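Atoms considered below: every heavy atom in the structure, side chains included; atoms not considered: hydrogens, waters and symmetry mates. Nothing here was measured: the structure is a model prediction, and the numbers come from that model.
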Amino acid sequence: MRMPDGYLYLDQAATSWPKPQRVVDAVREALEGEFGNPGRGSHRAAGRARTVIDRARAGAARLLHEPDVRRIILTPGCTNALNMAIDAVVTWVERDRAQRGDRDKLPPKVVTSHLEHNAVGRPVAAMECAGRVRMARAACDEMGVTDIDDLVEHVDSTTVLVCVIHASNVTGVIQPIEEIARRVKEKNPETLILTDAAQTTGVIPIDVNTLGVDLLAFGGHKGPHAPTGIGALWIGPRAWPRADSDEGVRLAGGPCGGTTSSAADRLGDVMPTRLPERFEAGTPNLIACAGLAAALEVEYDDACVTARLQHARDLIKPVLERFADDERVCVVTSAPLKARTPVVSLAPIAMCPVEIATILDASFNIAVRGGMHCSPWTHQALGTHENNGAVRVSVCSSCTPEEVDAFIGAMDEVLASVPA
C-alpha cells in the first residue's frame, strides 16, 4: 500500500521513507529470483543467497569503518542486537563466576543513562528484577546530554557494562561517547561499553576504531534506508579478541541452531567458536539483507554522510527557529543543531502531543511522531512526561524545504485552535 498523494512524511527518526528504488528493486529480486537458503546446500541457489548475506555484512562493515567483516553480526534489528549484547555480557559474567565458585557475590552492575531507549532500559530492568544484575541510571543535564561525572560515579569494580545511547531518539542530541568511554575505562578498565547507534548510523560518520566502545548496535531501516527487520551488532576486540577463536572472549550465550556456514555446522551440538557464526543461528532474513546490501552500496564515506547531515540540519533549522520562543510550545532541548541529528521535539503547553500528531495526519497529510517515543526516562529527565511526551519532527536529506514549511504552517494552525 502506498502513501496517499501529497503526504508529507517527517518521521524519519522512526523509519526512513520512501525507500530508494535500488532497495525496492533488490527486495523484489530476492523475493522473485532464484535464491535458496544460505549455508543449507551446495547448489547455486544457496550460493546466491550466501552472496547476498556477504554483501550486507560487508556494507555494514564499511559503514562503521570496520576492516574485519566477521565482527558484524546480522540481526533482526537494533532491539534484537541490543538485547543480544546485554545478555551476552551478563551471561559470560555469570558463567565465569560459576566456574570460579563466586556464585554468592553481589550481582554485577550495569550502568545506563536516563536517555536510553526501552530497547536498553527494559532488558536491563528485567535482568534486575530477575536478580541477575544491579542497575544504575546516570542523570542528564537540561540540554539532554549525559552527565559524565554522574555516570562515572556509578561505575565501580562490579560494573560489567555501561550502555549509553549515541544520540537521543527524543531530542537528537548526540552524546559524548568518546569521552564517556575514556572516563569509564579509566575508572574500571574491565567494564565493557555498549552504544545504541539506531539514530546515528548512516546519519553521522561513525568509526568504531576511534569511538571507544566495545559493542555497537544499529538498525538498517533508519539512516541507511534499508527495509525493516534487519540490523547488526558490531563486536569489538575487547569483547572478542580474535574473530576466528573464542579464546579470551567476554561474551556468552546467544542463539543456537544452524548457521550460514555448512562447515561450521559439522561441529555437532556446539555452536561455532568463531565470529560471526557464533551469534547467528537460523535462516536469516534474506529479503531484508538484500535491501540492506543495496542500501549500503552507495557512497557512505564520511564526506558524503557529513554533507547529507548538513543538508538535513539546514532543512530542520526553520522549525527550531520558529518555535524557539513560542509560548504555546516548548522546544524540548535548546542544544544547537550542530550537536544533534536532524530532529526537533516540541512539547505543547495546553494540548496532548498525540492529539496534535493525529490532527496533522488526518487534516494536513503530515506524519510526525507524538508521544513518549519509547523512551520514558528521557521525558522524565527533561520534564515532558506529565503531558505525554512531545511532538517530534525528523527529516533526512531527501526531504524538502517546502515540506518543512508546510509543517510549520500546519502546526501554527493547530496551536491557534487552542483557547488562550
Side-chain angles (χ1 to χ4, degrees), residues 8 10-14 113-117 139-147 165-176 199-200 203-204 309-361 364 366-396 399 401 403-418 420:
L8 308 184
L10 302 178
D11 194 18
Q12 300 289 338
S113 80
H114 271 75
L115 302 173
E116 302 311 304
H117 190 278
C140 68
D141 62 21
E142 68 279 0
M143 300 285 281
V145 178
T146 300
D147 185 330
I165 200 164
H166 197 186
S168 168
N169 65 305
V170 176
T171 66
V173 173
I174 301 167
Q175 303 301 305
Q199 293 294 325
T200 54
V203 176
I204 68 174
L309 174 62
Q310 185 56 54
H311 179 60
R313 282 172 171 165
D314 290 342
L315 288 172
I316 203 72
K317 184 178 179 181
V319 177
L320 190 61
E321 293 177 339
R322 169 62 187 84
F323 296 106
D325 299 315
D326 195 312
E327 295 181 353
R328 301 167 301 178
V329 296
C330 174
V331 177
V332 175
T333 174
S334 58
L337 276 174
K338 65 180 181 180
R340 64 167 86 193
T341 59
V343 169
V344 173
S345 284
L346 307 172
I349 304 301
M351 198 171 183
C352 174
V354 176
E355 183 181 0
I356 290 178
T358 301
I359 293 172
L360 289 172
D361 178 67
F364 297 92
I366 298 174
V368 296
R369 175 76 182 271
M372 300 289 281
H373 310 122
C374 300
S375 188
W377 282 96
T378 302
H379 288 284
Q380 290 193 18
L382 298 177
T384 55
H385 62 291
E386 292 186 357
N387 194 32
N388 197 27
V391 175
R392 184 185 67 190
V393 188
S394 53
V395 302
C396 67
C399 296
E403 290 175 327
V404 175
D405 289 343
F407 164 77
I408 292 173
M411 188 71 172
D412 269 330
E413 191 171 335
V414 173
L415 292 174
S417 69
V418 181

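Using a 4.5 Å cut-off on side-chain heavy atoms (C-beta onward), V391 and S345 make no contact. With contacts defined as side-chain heavy-atom distances shorter than 4.5 Å, the pair D412/V414 does not qualify. The shortest distance between side-chain heavy atoms of P336 and M143 falls below 4.5 Å. Two residues are said to be in side-chain contact when any heavy atoms from C-beta on lie closer than 4.5 Å; V319 and V404 meet this criterion. Side-chain contact between R340 and T333 is present, with heavy atoms from C-beta onward closer than 4.5 Å. Residues H166 and I204 have side chains in contact (heavy-atom distance under 4.5 Å, counting atoms from C-beta outward).
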| query | Stepwise, does the side chain to side chain contact (heavy atoms under 4.5 Å, CB included) test hold for M411 with F323? | reply | CA-CA 10 Å; M411 188 71 172; F323 296 106; 3.6 Å; yes
| query | Between Q12 and C399, does a side chain to side chain contact (heavy atoms under 4.5 Å, CB included) hold up when you go through it step by step? | reply | CA-CA 9 Å; Q12 300 289 338; C399 296; 4.0 Å; yes
| message | Test side chain to side chain contact (heavy atoms under 4.5 Å, CB included) on D11 and V368; report intermediate values, then the result. | response | CA-CA 5 Å; D11 194 18; V368 296; 5.7 Å; no
| task | Start with the C-alpha gap between L337 and I316, add the side-chain angles, then the distance that decides, and say whether side chain to side chain contact (heavy atoms under 4.5 Å, CB included) holds. | result | CA-CA 9 Å; L337 276 174; I316 203 72; 3.4 Å; yes
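Note that the CG atom of L415 and the CD atom of E327 stand 12.5 Å from one another [nearest 0.5 Å]. Here CG of L315 is found 10.0 Å from CD of Q310. Values are rounded to the nearest 0.5 Å. In this structure, the separation between SG on C330 and CD1 on I349 is 6.0 Å, given to the nearest 0.5 Å. Going from atom OG1 of T341 over to atom CD1 of I174 covers 6.0 Å, rounded to the nearest 0.5 Å. In this structure, L309 CG and T200 OG1 are separated by 10.5 Å, a value rounded to the nearest 0.5 Å. Note that CG of L8 is 11.0 Å distant from CZ of F407, once rounded to the nearest 0.5 Å.
Of the N and O atoms on the side chains of E116 and S113, at least one donor lies less than 3.5 Å from an acceptor on the other residue. With hydrogens and angles left out, the side-chain atoms of T146 and Q175 include a donor and acceptor closer than 3.5 Å. Of the N and O atoms on the side chains of H117 and H373, not one donor lies less than 3.5 Å from an acceptor on the other residue.
Between L360 and A410, the shortest heavy-atom distance links the atoms CD2-CB, 3.6 Å. Between V170 and V343, the shortest heavy-atom distance links the atoms O-CG1, 3.8 Å. Nearest heavy atom pair, residue C140 against residue L115, reads SG-CD2, 3.8 Å. Closest approach of P353 to N387, counting heavy atoms only: CD-O, 3.0 Å. Scanning all heavy atoms of the two residues, the minimum distance from P176 to V145 falls at CD-CG1, 3.8 Å. Closest approach of M351 and P348 over heavy atoms only: O-CG, 3.0 Å.
Side chain of R392 to backbone of R369: no donor-acceptor contact under 3.5 angstrom is found. No donor-acceptor distance shorter than 3.5 angstrom exists from the side chain of S394 to the backbone of A14, with no hydrogens or angles considered. Put simply, the side chain of R328 never gets that close to the backbone of A350: no donor and acceptor are under 3.5 Å apart.
Screening T171, D325, L320, D326 for a side-chain contact (heavy atoms from CB on, under 4.5 Å) with V331, the sole residue that qualifies is L320.
With respect to D405 and R322, no salt bridge is recorded, no charged nitrogen being found less than 4.0 Å from a carboxylate O.
The number of heavy-atom neighbours closer than 6.0 Å to CD of E413, taken from other residues, nucleotides and ligands shown, is 12 or below.
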